[in-house]
Every structure is written in C-alpha cells, then in structure tokens.
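Down below is the structure, laid out as structure tokens.
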Protein chains: 2
Amino acid sequence: MSLVRNNKEKANCTERILAFKDSIELLKGKWKLYILQMLSTSETMRFKDLQENVVGITPKVLSKELQELEQNLLITRTVNNTRPVTVSYALTKHAKETEPIINALIDFGVKHRMKIKEK
Amino acid sequence: MSLVRNNKEKANCTERILAFKDSIELLKGKWKLYILQMLSTSETMRFKDLQENVVGITPKVLSKELQELEQNLLITRTVNNTRPVTVSYALTKHAKETEPIINALIDFGVKHRMKIKEK
DNA sequence: GCTATCACTTACCTTTTGGAAAGTAACTAT
DNA sequence: ATAGTTACTTTCCAAAAGGTAAGTGATAGC
C-alpha cells in the first residue's frame, strides 16, 4: 500500500521534472520570452511591429523564433488581406499561461537589481 | 503633472524590461535552473551529489555553472574540513526567491504536456 | 519604369554552449 | 608503494545560436 503510494509519488516527481525541462526547452534562447511578453501587451502584432519593438532582433532571427513558437502552439500566424501583405501574430490561449513565468522573472529581476546595488 | 507621471511610468516600464532581461541572462542555459531546483530540495549538496543528481551533466560544465551561480550571488560554496575534501553548495537566501519562477515553469510544463497529448 | 513597403530568406561568419576524455592535486587507506 | 576518493581542470571538438548584409517576391503608388 505504501509502496503503491511511493510509486505514484515517484511517477509524479518524474513527470514534474520532465515538465520543467520541457518548459525550459520551449522557452530557451535570448528572444522567445521577450517576444511572448511583447505579444501579451498588444493582442496582435505584425512582423514589422515586432521587429521594431523587440529591440535588437534581426528579421532572420525573428522569423526563426516565430516559426518555433508557432510550431509549439504558443502563437498564431495570420496573413491579412492587405496591400502590401501584412502578417499578424498573436498569443494562443495556451501561451497566456506563461504569464506567471514572465511575472516571476520580472519580479526576481527587480529584486536582483536591488541586491546588486547594495554592495 | 501628468507628464511627470508618464515619465515615471516610462522609467518603471524600462526598469521592468531590464529586470526581465537580467533574469533571463542570469538563469540562461540548459542547467542553471535545474541546479537551483535541485539545491532547493536539499539545503546543501556536495559537488559529487550534484553530479549524480543533475542527470547528464559533466564535471566540467557543472563546475562552470556553479562558478557563475556563485558570482551572481545565487549559491554559496563551502569547503568542508573532511578527508578527502568535500565542498558544499547551498542556495543563498536571495536565490530562494527564484522559487516562483521554477514553480511557474513546472506548472506551465505540465499544462503544455497535457496540451500536446490532446492532438 | 522606378521606388517603396512588407515579410521574409539566403549566404556567410563569429561566438557561445556544451560534451568527451583524460589529467591533476590533495589526501587516505591498505 | 599503490589504489581510491573528491573536486575539480584541461584539451579538443562539434553543434547550436545568433549576427551582418544583401537579396527576393508580391504589390502599389508616382
């Protein structure tokens, strides 16, 4: 009986570690979280908007990051019927669940900046 | 008056973006969050404990990551008076503030794994 | 015809990350 | 003397990440 419970707890623990690693994998790199945070402030943004607002990113890298985010169901890509063509990117409902991560990162960053100012 | 407020809000916004980027910089890479999470479960761990429990990490990489975490005030390194020498690593009080980040990553990972199982 | 805009793509290159394998230094136990 | 333990370090290398600069294709306005 306690053995079953141990197994369940072990399985649950393993699952949590896998989930943790998946999250890190999904959001890794210099830009992905920054892009998600940017999209969370604006509902939809065009490629050019992102290029201008995600300071420092180049079109090549932006394009690659957007493709990966789309593949992982975190953003949607919509071609608009405009001339010249524009393309709108938006967070999926699912991606909105990354908000706690982003907020936690900001909170920690603020604390860290205060910490290193102490010296 | 509203201008001052705008400036304050802008400054605050900039500060939050800097904080966000600092956090990402501090915790980037394949291993750092994993190491922090591991240390959060055990109070202190020796180099060898970490090598065994952070599955897949090599001594070279572990050593480098620990040095960076120490430099950033996230862990402490203590040489123990044992034979052969052992070295204990522990989270700083400050690093314990990363817990919300780790929990948020686990939560999102769990949701993501459910999402992709749907298909 | 020429220029401009948008959303990319391509080629090339440098830097960073991280892994494999072996070695080292200090010390203990046999 | 030799083998074992701990905590690393060193060398060498491959892959990934990311930047620069230029180009492409569709279309519109002048």
(request) Search all heavy atoms of A:A90 against all heavy atoms of A:T44 and return the closest pair with its distance. (result) CB-CG2, 4.0 Å
Quick one: which of [options] gets closest to the side chain of [X]?
X     : options              : value
B:R83 : D:dA7, C:dC27, C:dC6 : C:dC27
B:V87 : D:dA7, C:dC8, C:dC6  : D:dA7
B:K30 : D:dC8, C:dG18, C:dT5 : C:dG18

(request) Considering just the side-chain nitrogens and oxygens of B:Y89, establish if one lies under 4.0 Å of OP1 or OP2 belonging to D:dT6. (result) no
(request) On DNA chain D, check which nucleotide each of A:K28 and A:V85 is closest to and give me the residue with the more 5' one. (result) A:K28
(message) With a 4.0 Å cut-off on N to O distance, would you call A:E25 and B:K30 a salt bridge?
(response) no
(message) Taking the basic N atoms (NZ, or NE/NH1/NH2) and the acidic carboxylate oxygens, is any pair closer than 4.0 Å for B:K32 and B:E65?
(response)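 Yes.
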(message) With a sphere of 6.0 Å drawn around CD of B:E68, does it hold more than 12 non-hydrogen atoms of other residues, nucleotides or ligands?
(response)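 Yes - once you tally the heavy atoms of other residues, nucleotides and ligands closer than 6.0 Å, there are more than 12.
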(message) Just checking B:Q51: does its CD atom have more than 12 heavy atoms from other residues, nucleotides or ligands closer to it than 6.0 angstrom?
(response) yes
(request) May I ask you to decide if the ring planes of A:F108 and B:H94 are parallel, tilted or perpendicular, using 30° and 60° as cut-offs? (result) parallel
Specify the separation, in whole Å, of atom [atom1] of [X] and atom [atom2] of [N].
X     : N      : atom1 : atom2 : value
A:Q51 : C:dA7  : CD    : C1'   : 9 Å
A:F47 : D:dA26 : CZ    : P     : 18 Å
B:E52 : D:dA7  : CD    : P     : 10 Å
A:R46 : C:dT5  : CZ    : P     : 12 Å
B:D49 : D:dT5  : CG    : C1'   : 14 Å
B:L27 : C:dT17 : CG    : P     : 14 Å
A:N81 : C:dC6  : CG    : P     : 17 Å
B:I24 : C:dT16 : CD1   : P     : 18 Å

(request) For A:Q67, report the nucleic acid contact type (base, sugar-phosphate, nothing); a contact means any heavy atom under 4.0 Å. (result)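 A:Q67: backbone/sugar contact only, no base atoms under 4.0 Å.
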(request) Within residues 57-66 of chain A, find the residues that approach DNA chain C with a heavy atom at under 4.0 Å, and present them sorted by residue number. (result) A:P59, A:K60, A:S63
(message) Please determine whether residues B:W31 and B:L73 belong to a single hydrophobic cluster, defined as Ile, Leu, Val, Met, Phe, Trp and Tyr linked transitively by side-chain heavy-atom distances below 4.5 Å.
(response) no
